[in-house]
Structure formats: C-alpha cells, structure tokens
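To start, the structure under review is shown below, and the notes come after it.
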Number of protein chains: 2
Amino acid sequence: MTKKAPTIKDVARKSGTSTATVSYVFSEKDRYIRPELRERVLQAAEELGYVKNAVASSLKGNPRGILAVIIPQFSNNFFTDICAEIESVAQKAGFVVIICNTDDSVEQEEKIVKRLVSQKIDGCIICPALSTSKNIKTLDIHNIPYVVLERDLEGETPDFDFVGHDNFQSGYLATKTLLDAGHRNIAFLGWTTPIANLRDRLSGYKAALDEAGIAVNDDWILLDNLSEDAGKRMAARLPVDKVTAMVLAHHYYMAKGTLLGLQKRALRYPEDLSIVLIGTPEWRDLVHPSLTCIKRPEKEMGRAAASVLLKKVKKPLYREKRHVFPVEFMTGLSVRDMPG
Amino acid sequence: MTKKAPTIKDVARKSGTSTATVSYVFSEKDRYIRPELRERVLQAAEELGYVKNAVASSLKGNPRGILAVIIPQFSNNFFTDICAEIESVAQKAGFVVIICNTDDSVEQEEKIVKRLVSQKIDGCIICPALSTSKNIKTLDIHNIPYVVLERDLEGETPDFDFVGHDNFQSGYLATKTLLDAGHRNIAFLGWTTPIANLRDRLSGYKAALDEAGIAVNDDWILLDNLSEDAGKRMAARLPVDKVTAMVLAHHYYMAKGTLLGLQKRALRYPEDLSIVLIGTPEWRDLVHPSLTCIKRPEKEMGRAAASVLLKKVKKPLYREKRHVFPVEFMTGLSVRDMPG
DNA sequence: ATGAAAGCGCTAACAT
DNA sequence: ATGTTAGCGCTTTCAT
C-alpha cells in the first residue's frame, strides 16, 4: 500500500499557507516569513515527513546535486582511490556521485554518457576510454561541465580542464633510480594500449637511458595485455642473462603476475634482478623484500578533479589551469647496487 | 554562450508535429506512428542532438534510472568488489549507480539517505552504518525499495530483503582448519565493533573449539580498532609462547599490519605460528608462504543484491528470500601440521 | 493516426 | 508579508 510521498502542496495545506511560502521556507532565498508561519510550515513538514523533491526542483533550473565519474576500470585501486577522494569532496559539498565503469570500451562509454546527459547531471569527471574524445564532445554539446582525468585527449579536441599526473616523470624516475645504482641493462615492462600514459612512461625510460648514454634495446621492452597472466608471461620471457634490472610500468595485477612469474623461475630480487615499480599496491611493503616504488598522487588527483569540477558547476565558464601532479619516490629494498 | 539543450518541443517544431508524437516516438509505448513521420522525428532529433530528459520524465512517474549503494568504507576491497559487480549488473539493466560512503557514521548516513530520498532514486542497496536501522526507516517511509547488504539490522526492524554471507561459517571453517592440523591453542584477532559480523565469526571460532572439546581462552581473543597499526599492535601482544596458530578475522589492512608486526618480531609462519585469514586480499598468494584463506563471495553478493533490487524496483511489493552465501576454503601454505 | 492540453512538484515573477 | 500562477520537459488522456 505504497502511499505517495508528501509534496509541497500537502505541507501548504496542512500548515494553512501557500506552496510559495513552503517553497521559500525550504530554499536558500531570503524572503522574510513570519517566524510563527515558518515554524508552522516546518512543523507540518516534519509531521508529514516531507523531503524536497530535488528532481522537480532541478526542472526549474536548480542544480541537480549529482556529479558523475567515468572510469575505465573499477577493479583498479589506482582509480578506486581517486574515486574515494572525489566522493568525499563531493559529499562535503552536498553532492552525491554516480560512478560508472566503461571497461575501456568506447561503445560502453557512449551509452553511459548518454544516460548521464539524460539524467542532467551537474558535472562529470571522465577518464576517457582509450583516450578518445568522441564522447567528450557529447558532454560539450549538452553543456555539461567536465574535467578530464588522467588521460589526455588525442587529436583535435576542444579546450578542456585536465587533472593528471606526470607519467614521463614516473618512467624517468624509475629508470634513473636503477641507473644510479649502477645498472646498465634495464628492461621495461608495460602493456599494449593506445593511450598516452604508457607511452609517456616509456619516453621517460628512454630519456633516462639516453641521458646516461645508453642505447635503448627494443628487445627489453616487453608489452602484453592487461592481466595477471600477461605479467607471468613477461616474467617468463625476461632475458635475465642480459638484463639486471627492470621497470614495472603496468598495473598492479600485472605486477603481481610478474612477481609470481619470477618466483616460478626461482629468480630472486634484488639479487638476480632489481625492480622499481610504478605505483603503490597495498602489498608493496608486505612482499619481502619490500618494493622500491614510484608513488602516484591518487588523492591529490581526486581532490583536484572534484574541486575543479565543483567550481565549473558553479560558474560554467570557469577555466582552470592543467593540473599535472608530480610523482614521488618511495624507497624500498628491491634495488641492488651494482658492484663497480 | 551556453545554449539550452533541445527539448521535445524543439523536436516537435522542427519535424512539424506535436510533442505528443515525439514523446511516443521516444517511449516504449506502442502507439502506431506512420513510418514516414517517425523517420522525420528521428531525423530532427538527431540533427538537434536531442536526448530525452529523464528528470522531467520521472516527474510523471517513470523510473528514474538511478540506483544507489551505501557502504561504510570505500577503501575496503571487500566493498569495492561488491560495488563493481552491482554497477555492472545495473549498467546492463540501463541504470546508473550512485555510490556513497558513510565511514560507518550514522550521522553521515542520515544526510546521505536524505539526499537520496530527495533525488527520488529508484532503489538502494545499503550496508547500514553500525548496523543501525534508523536510516533504513527513512527509506521505508519514502517507499524507496532497498536491499540490506552484509550487515543484519539489530533490534525491532521492518521486514527487509537481505544479501550477505555466512560469517559464522567463516569463523568456524578457519578455526576447524587449524584444529584439523592439530592445533590446540588458537588465537582470534578481530576488531572492536557493535556489528554482528565479527561476533558471528567469533561464534564460529568458539563453536569449532567447543566441538573439539577445547575451552575458550579469552586472553587469546584480541580486538582492536580498524587500522594497520592496530594489526601491528596485536601482533606485538600475541602470546606466542602459548599460542601456535591464529585466525585473522579482520580487515585487509589490519591483516597486513599483523603480518608486518610478525616480521618485526622475527616470527615466521607457519613455523612459529600457523595462520588462516578470513578474506582474500590481492596479496594472499604474493606473500611467501601464501596464505590459507576463507574466500567470501563478493561477486555473488553484488550480483544478488543488484538483481533483487532490480526486481523490487519493477515490483515494489516483491519479496525475496534472504540470501546468505557460503564462504569457501582456499588452500595455502600458512598452516603447519602439528606433530603428534 | 495524431494533436491539444492537463498536470507531475517545484520556483519565482508578479500581484496584493 | 504572503498568495496566485505560469511554466520547467515530459507523459497520457481525451478529442478529432
């Protein structure tokens, strides 16, 4: 026997006033209302269990109270950490947040973006599937404020606000760490993807080698798809007779696979092979020896993305500078100093 | 110069027909419309970039297309795994999902629930903060279909749909595993909480001991708050001269802390201490030796919660049975057979 | 087969 | 200081 939710009209009737008055009582607008009347309205609302219908309110042009974030992988802690931060900032500002996973599929993303447009969300943080800009354009057309997260858009695209981190630097720093420890033959393990992030990390790797006057050996750059098994495969293929160190530039579950693959070959780190990992999985200091890592700024990114978006929601023409956060070196025990 | 989004009216004008016709073209309702006209409408909509406004539509009583899930911890993989599954199921059914984190605070939850009510969401999956039913009642009052996740409600509460897993069994199974390996003096590490889950695990532990004719020693039941540091503290307090095994019944980061604390005391498992962990952190098979675990049914729970909710959204009076999923034993190398 | 128009719950300009 | 009312974009009954 689902009775209907009480509306402003019910409250008006019960408190013997008009809907306008009730509306004003529940809005931030300052229209003076006799304390006595205001009290009566509040009382009636309380008794009826009235809650303002944000849906109807937004039809009149008021903010919806909903933000969205679109990510390519739900199961990647890098993204969930960012989302957690976004949700936290949004919550404090009175918004709820819709989280959507595209599985890095442009088609899936297209459906999702349409749905969000249809829902008239106030704004959106999007890490574009495969770095494509197609669905971003939909957001543009419908005037939904958005912030692009982590992946730069390829090709001709509108001006956009961006929050990301320095992938070049992470590749560079990881490689430099190994070079400084005296390594010369350094492998780079990544994944196959059209997005720039991995490419940037690889550029950082190459730049560091270059700076040290070392030629890049393409055989030591291993790429595979995103999975734990791929990590295992790469560990199996690793030319450990030539290489003394490696940069793990891929995802946590690939990295996990790589470590397991190493175990399987009875290879030990740092004795047989030094390792620097880009990223900070929960287990970085639990494995033994602990891993030397490059920490990415998940929280900072989440916080920045959310606050930039909130500003844009308030002022649609608001433009922020690009936020590209630096990474941070985290010491560990997986790098061995080379003798000599 | 943000031009307004095109509405049904614009499409009607452009295609020279009425708003009613356009509405029918974009609805599932079957009203016959001349193919020629239908085509013209579609054409106009396409050109204008028209997307139906779900907000206005829902004002007329149509489903909103939004579900919500309320969890007490965003950073806990147990919950994010469940959420990932919920999102996936919801997405296939055409819904987007709002994810809210309460930090296990009843006050925060209250705000969130009010917001969701105000947003007129179609339904909600809630893991109630501290197992309290107060905010659930708000959902009831406003006729929002909901499914209670993982934590049973305490006290007098309305009839509700529930999806969870067998916490008693996980405590029992973990303990039984150690008993079967010949252990007699088994510690139980948990956290301080009013919710039933930990209590149930503890009951399972006690039941297993009881069954084996072993008295419970309260000194071996260690509880602390939810943090990695608390895990370290418990490891430090552990009476390893008396105890030969332990059940880790707490969260991943506590478990991590406990393992780190063990390392600090130079205690090795399973030699010095056998371990069974409730839960399956990503690192369970990465640490060495790999951990013997009790796997909880995150995916099944997520999937069940989402599908039950979707059924309730369709049919508000729909009632499902309680879903309490079993846990699963996962073999590892952290349990040593006791001699004798 | 299609269109006119009332109305969902709210806001705000306007009237009193 | 408060009430009346048009209208946000859509759905749907009723008329044609």
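Within every chain, numbering begins at 1; the chains are lettered A, B, ... in the order of the sequence lines, protein sequences first and strands thereafter.
In this structure, A:K60 places its NZ atom 9 Å from P of C:dT11, rounding to the nearest Å. Regarding B:R38, its CZ atom lies at a distance of 13 Å from the P atom of C:dG3, rounded to whole Å. The interatomic distance linking A:R13 (CZ) with D:dT4 (P) rounds to 13 Å, in whole Å. When rounded to the nearest whole Å, the span between NZ of B:K120 and C1' of C:dC10 equals 12 Å. Atom CG of A:N53 and atom C1' of C:dT11 are 13 Å apart (whole Å). Here the P atom of nucleotide D:dT2 and the CD1 atom of A:I8 are 16 Å apart, to the nearest Å. Between A:Y24 atom OH and C:dT11 atom C1' the separation is 7 Å, expressed in whole Å. The interatomic distance linking A:R64 (CZ) with C:dC10 (P) rounds to 14 Å, in whole Å.
Contact of the A:L67 side chain with the A:I125 side chain is not registered, since no non-hydrogen atoms from C-beta on lie closer than 4.5 Å. With contacts defined as side-chain heavy-atom distances shorter than 4.5 Å, the pair A:R319/A:K312 qualifies.
Checking C:dT11, D:dC10, C:dG9 against every side-chain atom of A:T19, the shortest atom distance belongs to C:dT11. Side chain of B:S23, nearest nucleotide from D:dT4, D:dT11, C:dC10: D:dT11. With C:dA12, C:dT2, D:dC10 as the candidates, the nucleotide lying closest to the side chain of B:T17 is C:dT2. Of the candidates C:dG3, D:dG3, D:dC10, the closest approach to any side-chain atom of A:S18 belongs to D:dG3. Listed nucleotides: D:dG9, D:dT2, C:dT2. Nearest to the side chain of B:L59: D:dG9. The side chain of B:K52 has D:dT11 as its nearest neighbour among C:dG9, C:dT2, D:dT11. The side chain of B:A56 approaches D:dG9 more closely than any other nucleotide in the set D:dT13, D:dG9, C:dA4.
Of the two residues near DNA chain C, A:A54 and B:G16, the one whose nearest nucleotide lies more 5' is B:G16. For A:A20 and B:R31, each mapped to the nucleotide of DNA chain D holding its nearest heavy atom, the one lying further toward the 5' end belongs to A:A20.
Proximity of a side-chain donor or acceptor of A:H142 to a complementary backbone N or O of B:G49 within less than 3.5 Å is detected.
Rounded to the nearest 0.5 angstrom, A:L130 CG and A:E109 CD are separated by 8.0 Å.
For C:dC10, the OP1/OP2 oxygens have no side-chain nitrogen or oxygen of A:K9 closer than 4.0 Å.
Heavy atoms of A:Y50 sit under 4.0 angstrom from primed sugar atoms or phosphate atoms, though from no base atom.
Between B:K299 and B:D81 there is no salt bridge, since none of the side-chain N atoms of the basic residue sits less than 4.0 Å from a carboxylate O of the acidic one.
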